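Everything below concerns the one structure shown next.
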Amino acid sequence: MLDNSLDNRPGGAAVPLEAAAPARTGGRFKTFFRKFRKQRLAFAATCFILLLLLVAVFGPLLTPYNPDTPDYDALMQGPSAAHWAGTDEYGRDILSRLIDGTRLTLAVSLSAVFIAAVLGTMLGLLSGYYGGWLDRIIMRGSDVLFSFPDLLLAIGIVAILGPGLSNVVIAVAVFGTPSFARIIRSVTLSVKETLFVEATRSMGAKDSRIIWRHIFPETVSSIIVNVSMRIGGAILAAASLSFLGMGAKTTEPDWGAMLSMGRDYLSIAPHIVYFPGLTIFLAVLAFNIFGDGLRDALDPKIKS
Amino acid sequence: MNETPLIEVRGLKKSFAIKKGFLGRTRYLNAVDGISFAIRKGETFSLVGESGCGKSTTGRLVTRLLEPNAGEVRFEGRDISHMSHNQMRPLRKDMQMVFQDPYASLNPRMKVKDLVAEPVLIHTKLSAKERDKLACELLETVGLNSMHAERYAHEFSGGQRQRIGIARALSVRPSLIVADEPVSALDVSIQSQVLNLLQDLQEEYGLTYLFISHDLSVVEHISDRIGVMYLGALVETADKDTLYDNPLHPYTQALLSSVPVPDPTLARERIILKGDLPSPVDPPSGCRFHTRCPSCMEICKQHAPAFREVEPGHEVACHLYDEEMMKLAR
């Protein structure tokens with residue numbers, strides 16, 4: 001019943017090329033960019049984040065005043081042409097301190113989220129791929145960490161480790177890890193069942209190869225989205241810890257520490273609190289909106 | 001004829017636990033329920049049956065992607081049925097698979113040359129350059145162009161992708177290829193191309209195939225021996241010609257009568273099976289085919305027929321061909 005004349009050589013007629021679709025390398029990224037740009041708010045947030053990053057990198061070049069030099073002739077002055085965001089209780093320029101603090105704040109929150117992402121991804125991949133007792137241990141551990149309110153857990157960790165920015169990074173990383181572990185575990189569970197993973201297994205590939213070469217690439221978009229969503233929370237948590245005196249030293253130009261210092265003068269010089277507060281608010285908002293936009297743009301189920 | 005078969009399967013069983021509801025008791029779906037067959041070197045053995053009869057599960061048991069609950073699988077005389085993942089790995093070089101869905105079985109993020117050479121990367125120490133060269137040769141062998149090597153799988157048609165899958169299976173020169181419905185997802189015209197390719201490769205490389213399909217016309221084209229499965233068990237195995245000329249089991253007869261014959265003048269009796277495939281969770285008592293069998297007897301409802309050889313190389317599980325049982329029935 002089958003027609004032998006169609007192709008009876010092993011070399012076969014070289015199959016024509018016309019079935020080939022246009023090259024995809026640009027395709028996926030272009031689609032993503034088109035979908036992302038359509039979300040105006042997320043696009044604006046991205047611009048603001050880029051601005052923050054530039055400020056963090058070039059901070060010292062941009063500050064109008066030395067952020068650490070007190071000026072006892074200009075104590076607690078409100079916003080003016082000379083000091084756009086006013087001065088604090090030592091007469092230091094608040095705008096300069098905010099600019100200088102950007103680097104610190106971003107460094108703390110980004111490194112905390114990065115550590116959480118690396119740890120959480122490893123745990124999630126192992127937990128999802130191997131299942132069994134390993135999965136149970138990792139997931140119950142995550143549940144325990146999840147059951148604490150974020151900040152309370154961070155306070156607890158810093159209380160054990162002692163105050164200081166590096167301990168804030170550890171604390172924020174610890175409470176960020178379970179969310180990565182859970183998300184990556186669920187992606188792993190679904191990718192593990194795909195046919196190409198089974199095919200790789202049938203070839204005789206080692207687990208490490210299956211996990212890193214075949215499963216991990218499928219989790220990357222989830223990792224990116226979760227990173228961007230967690231940064232806002234990490235900034236807030238780091239600022240809160242500093243505000244409570246558990247993070248940055250009060251001499252450091254950390255946004256949270258600035259809030260904390262300004263608190264005492266709230267009734268006479270509210271601008272000392274307003275500007276750091278506003279900056280934290282905008283930064284957190286921008287990262288959250290950015291994360292939302294990224295999620296929508298990377299989700300293939302949402303059509304542009 | 002007395003050489004050890006490449007693959008020998010004896011009393012293979014696999015069941016999957018299914019749980020209904022929150023406090024429901026666990027029940028077992030007997031996907032494969034005690035099947036035995038052997039495949040000689042260089043032979044094509046086909047498993048046919050309706051969807052859900054356990055043929056794909058059998059394929060995965062033979063390649064040990066699944067672990068059997070009972071029975072054994074012998075590959076080149078070695079029992080592999082309970083080997084660990086790590087013990088299996090070196091053996092997998094000799095048994096590769098071709099999958100039904102050429103869209104899902106190729107990682108969309110990998111270039112064709114990396115897809116094709118992945119088994120080589122896993123099993124040998126060839127350098128990247130040598131692997132690329134090998135991949136190009138393999139692509140030519142399966143009728144693609146070595147220019148295709150830098151592309152991604154999604155840029156190809158279904159038939160082309162299946163060729164990529166075959167090139168991949170071929171890359172480590174396995175002795176056995178388990179092809180799980182390799183042409184079911186393809187157009188009929190492409191099906192014949194791929195089947196011819198498989199046959200040519202078999203001649204060239206001395207391959208042994210375990211070919212899984214639901215389509216008897218496809219199976220007729222490629223097989224040496226055929227096993228017919230129904231509800232997790234083999235009901236008949238025979239040489240291709242014997243099976244097509246002289247099918248014994250009523251189920252095989254019904255299946256064969258459903259194959260279209262390209263001759264409108266030929267009048268045939270069409271056997272239509274009544275009812276649906278029973279659930280493999282609780283298979284019928286006695287002969288598992290009795291609920292749909294056109295020649296069902298009382299005894300079929302109580303006693304499961306043994307899988308017996310009725311003539312050399314022709315085995316069937318049916319009371320109709322068991323004289324003692326027939327005497328009892330009368």
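Both backbone and side-chain heavy atoms feed into the values below; hydrogens, waters and symmetry mates do not. Here is the naming used below: chain letters follow the sequence lines, and residue numbers restart at 1 for every chain. On a predicted model such as this, the values are computed, not experimentally measured, just so you know.
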Exercise. So which of B:L121, B:T63, B:N86 has the largest heavy-atom pair count under 4.5 angstrom toward chain A?
Worked result: B:L121
Seminar exercise, completed: Highest number of heavy-atom pairs under 4.5 Å with chain A among B:Q96, B:Q100, B:M95 belongs to B:Q96
Exercise. When heavy-atom pairs shorter than 4.5 Å are enumerated against chain A, which of B:R168, B:K93, B:E203 gives the highest number?
Worked result: B:R168
Exercise. Should we count OH of B:Y205 as having more than 12 external heavy atoms under 6.0 Å?
Worked result: yes
Problem set entry | Residues of residues 112-137 of chain A within contact distance of chain B, non-hydrogen under 4.5 Å | none
Problem set entry | Heavy-atom side-chain proximity of B:F99 to A:S202 below 4.5 angstrom | yes
Problem set entry | B:Y209 (side chain) donor-acceptor with B:L198 (main chain) under 3.5 angstrom | yes
Problem set entry | Largest heavy-atom contact set with chain A, pairs under 4.5 Å, which of B:A104, B:P90, B:P174 | B:A104
Exercise. With only heavy atoms counted, which part of B:L91 is less than 4.5 Å from chain A, the side chain, the backbone, both or neither?
Worked result: neither
For this session: May I ask you to list the residues in residues 182-196 of chain A that approach chain B closer than 4.5 angstrom, counting heavy atoms only, ordered by number?
Result: A:L195, A:F196
For this session: Under 4.5 Å heavy-atom distance to chain A, tell me which part of B:S105 shows up: side chain, backbone, both or neither.
Result: both
For this session: Could you tell me which portion of B:R60 (side chain, backbone, both or neither) has an atom closer than 4.5 angstrom to a non-hydrogen atom of chain A?
Result: side chain
Exercise. What's the spacing between B:Q160 CD and B:L186 CG if we round to 0.5 Å?
Worked result: 11.0 Å
Exercise. Hey, does B:F211 have a side-chain heavy atom less than 4.5 Å from the side chain of B:I177?
Worked result: no
Exercise. Tell me, do A:F175 and A:R230 make a side-chain contact under 4.5 Å, heavy atoms counted?
Worked result: yes
Problem set entry | Engaged part of B:L65 at the chain A interface, taking heavy atoms whose separation is under 4.5 Å | both
For this session: Could you check if a side-chain atom of B:L201 sits within less than 4.5 angstrom of a side-chain atom of B:T141, using non-hydrogen atoms only?
Result: yes
Problem set entry | From CA spacing to verdict: salt bridge (Lys or Arg N to Asp or Glu O under 4.0 Å), B:E220, B:K240 | CA-CA 7 Å; B:E220 181 178 13; B:K240 174 180 74 178; over 6 Å; no
Problem set entry | Region of A:R209 that comes under 4.5 Å of a non-hydrogen atom in chain B | side chain
